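A short worksheet on the structure shown next.
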Amino acid sequence: MGKSDFLTPKAIANRIKSKGLQKLRWYCQMCQKQCRDENGFKCHCMSESHQRQLLLASENPQQFMDYFSQEFRNDFVELLRRRFGTKRVHNNIVYNEYISHREHVHMNATQWETLTDFTKWLGREGLCKVDETPKGWYIQYIDRDPETIKRQEELERKKKQDLDDEERTAKFIEEQVKRGKSEKEEETPVYTELNRENEEEKVVFNLAKGASASGPSSSKPSGSLANNALKPPAVTGPVKRKDPTLNPPKDKKKKSALDEIIEMEEKKKKTERTDHWLHPEIVVKIITKKLGEKYYKKKAVVKEVIDRYTAIVKLIDSGDKLKLDQTHLETVIPVPGKQVLILNGGYKGNFGTLESINEKSFSATIVISSGPLTGRKVEGLPYEDFSKMA
């Protein structure tokens, strides 16, 4: 066997020894070569390839330093974004995870001497939020992705619109109250002196009309029980009764059990609108570009829903399984006549058949085909409230 054969004992021993991280003082950044011991590093420094790299670097050292600094910054920020997101984390934790990769760019080849200097530089450039604590420096990644910024702007716009609606409603109620107070006339009670001509005569109060009577009103026999203050006044003359044949009572149609169930379901479903819509066995489309062009605009089937906002989907074309948030997915609108599932709103959970699509209002007409509301036609249902069945 030759000296450089892959399966020789010496080659196998060298590969075992070279696994994992080695000492930094025996690493050559220019040649990107890690030596195992001092003797190997000395031999490498005396080699022709190393001397040639030093001559190239001596011609324009700033260019090489800028290149290594840019590589270090890009890899560090990408790790921070992918691994920790927008969470606040200690800078040393991120750095330890970064240097665990064997082929990483060492900091001694960059323009920053220490990790603290690099952390301060990230804060000045606006790439991260940095703050110093007794335990050290903490960093927090600032997500400037266009999709994220667009989603935050939509949430802020929706929140502002809700506040405007509430203020408009409160102002309308306040105007109604003011108008009611201005139109209402304040009635001041009129106080009169209570006089009676005959001391033996009783004073009668007519509680039914809310007014006191004295003098002429008391000319009726005092012994009559009809004018008792605790009873309504007697009615003189014949009492007329209503003829039941003139206004026959209307027979109220008794509701069936099915009608009552339908009415209860409608009242219950009017308020059933949630901020999550994922459901197993529906077809969705991937709308995020973070996974690359391979999965962008691809259709998939939801296999499992986790915590209402996350789903495990299986791509229809390749069969790959991905775990995605609902913000990275959108519903799929089939051709008319296909089966759909209503995901949100008053008719959530009902299966139906797509009858027609209104492209101007971004809505559709669906005929429900399940439950007690079978056969009901729902018009103006937004695209995001239903999806195609797998």
Side-chain angles (χ1 to χ4, degrees), residues 151 154-155 157-158 161-162 165 251-288 295-319 321-322 324-390:
R151 185 164 60 249
E154 290 179 355
L155 291 175
R157 194 183 304 114
K158 185 178 180 182
Q161 184 177 359
D162 294 341
D165 293 340
D251 295 333
K252 293 184 178 179
K253 186 178 179 181
K254 188 176 181 181
K255 295 181 180 179
S256 63
L258 182 59
D259 294 337
E260 292 180 357
I261 292 174
I262 292 175
E263 186 177 352
M264 290 175 62
E265 287 292 330
E266 288 182 351
K267 290 181 180 179
K268 180 181 177 183
K269 288 177 178 293
K270 282 182 180 179
T271 57
E272 286 190 358
R273 185 164 191 88
T274 59
D275 57 347
H276 55 87
W277 53 269
L278 291 175
H279 195 279
E281 299 304 325
I282 62 171
V283 182
V284 294
K285 184 183 290 184
I286 301 174
I287 58 174
T288 180
Y295 300 113
Y296 182 60
K297 292 291 185 181
K298 297 293 182 180
K299 293 182 181 179
V301 179
V302 177
K303 292 298 182 182
E304 184 182 354
V305 179
I306 304 173
D307 297 334
R308 298 186 297 180
Y309 300 95
T310 308
I312 296 177
V313 300
K314 183 178 180 181
L315 269 72
I316 297 177
D317 296 340
S318 61
K321 287 188 176 182
L322 302 173
L324 298 171
D325 189 80
Q326 72 172 9
T327 55
H328 298 155
L329 302 170
E330 70 176 6
T331 57
V332 174
I333 312 302
V335 296
K338 294 293 184 179
Q339 190 80 2
V340 297
L341 176 65
I342 301 177
L343 306 173
N344 213 335
Y347 301 94
K348 179 181 179 181
N350 289 315
F351 294 92
T353 304
L354 181 62
E355 186 177 81
S356 62
I357 297 174
N358 189 351
E359 296 181 357
K360 293 183 179 180
S361 61
F362 303 101
S363 61
T365 301
I366 294 176
V367 179
I368 296 177
S369 60
S370 65
L373 303 177
T374 302
R376 173 162 295 187
K377 184 183 291 186
V378 183
E379 297 180 353
L381 194 66
Y383 287 166
E384 61 269 15
D385 286 356
F386 67 94
S387 186
K388 178 183 177 182
M389 291 297 300

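Small disclaimer: the values here were computed from a predicted structure and weren't measured.
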Ser387 side-chain N/O to Val283 backbone N/O, donor-acceptor pair under 3.5 Å: yes
Val378 vs Phe386 side-chain heavy atoms within contact, under 4.5 Å: no
Given side chain to side chain contact (heavy atoms under 4.5 Å, CB included), test Ile366 with Tyr347 step by step and report yes or no. CA-CA 11 Å; Ile366 294 176; Tyr347 301 94; over 6 Å; no
Criterion side chain to side chain contact (heavy atoms under 4.5 Å, CB included) on Gln339 and Thr353, from CA distance to verdict: CA-CA 5 Å; Gln339 190 80 2; Thr353 304; 3.8 Å; yes
With the side chain counted from C-beta on, respond yes when Thr274 and Arg308 share a heavy-atom pair under 4.5 Å apart, and no when they do not. no
Please report the interatomic distance CG(Leu324) to CD1(Ile287), rounded to the nearest 0.5 Å. 10.0 Å
Where Pro280 and Lys303 come nearest, the two heavy atoms and their spacing: CB-O, 4.5 Å
Can you list every salt bridge (charged side-chain N to carboxylate O under 4.0 Å, His left out) pair that touches residues 353-365, not counting sequence neighbours? Glu355-Lys377
How would you list all residue pairs meeting salt bridge (charged side-chain N to carboxylate O under 4.0 Å, His left out) that involve residues 378-390, not counting sequence neighbours? Arg273-Asp385
The reported gap from CD in Glu330 to CH2 in Trp277 (rounded to nearest 0.5 angstrom) is 8.0 Å
Do Tyr295 and Thr288 come close enough that some side-chain heavy atom pair is under 4.5 Å? no
Under the criterion side chain to side chain contact (heavy atoms under 4.5 Å, CB included), which of Leu341, Ile342, Asn350 is the partner of Ser370? Asn350
Could you tell me which non-hydrogen atom of Phe351 sits nearest to which non-hydrogen atom of Met389, and how far apart they are? CE2-CE, 3.6 Å
Looking at Phe362, I'd like to know if its CZ atom is crowded, meaning that more than 12 non-hydrogen atoms belonging to other residues, nucleotides or ligands lie closer than 6.0 Å. no
Starting at CG of Leu381, measure out to CG of Asn344 and round the result to the nearest 0.5 Å. 9.0 Å
Decide yes or no for Glu281 and Val301: does some side-chain heavy atom of the first lie under 4.5 Å from some side-chain heavy atom of the second? yes
Once rounded to the nearest 0.5 Å, what's the spacing between atom OG1 of Thr331 and atom CD of Gln326? 11.5 Å
Would Leu329 and Lys285 count as a side chain to side chain contact (heavy atoms under 4.5 Å, CB included) here? Give the steps. CA-CA 6 Å; Leu329 302 170; Lys285 184 183 290 184; over 6 Å; no
Leu354 versus Val335: any side-chain heavy-atom pair under 4.5 Å? no
Heavy atoms only: give me the nearest Leu315-Lys298 pair and the separation to one decimal. CD2-CB, 4.1 Å
Got a sec: does the CG of Asp307 have more than 12 other heavy atoms crowding it under 6.0 Å? no
Evaluate the side-chain proximity of Tyr309 to Thr327: yes if any heavy-atom separation is below 4.5 Å, no if none is. no
Is Val284 close to Ile286 at the side-chain level, that is, under 4.5 Å between some pair of heavy atoms? no
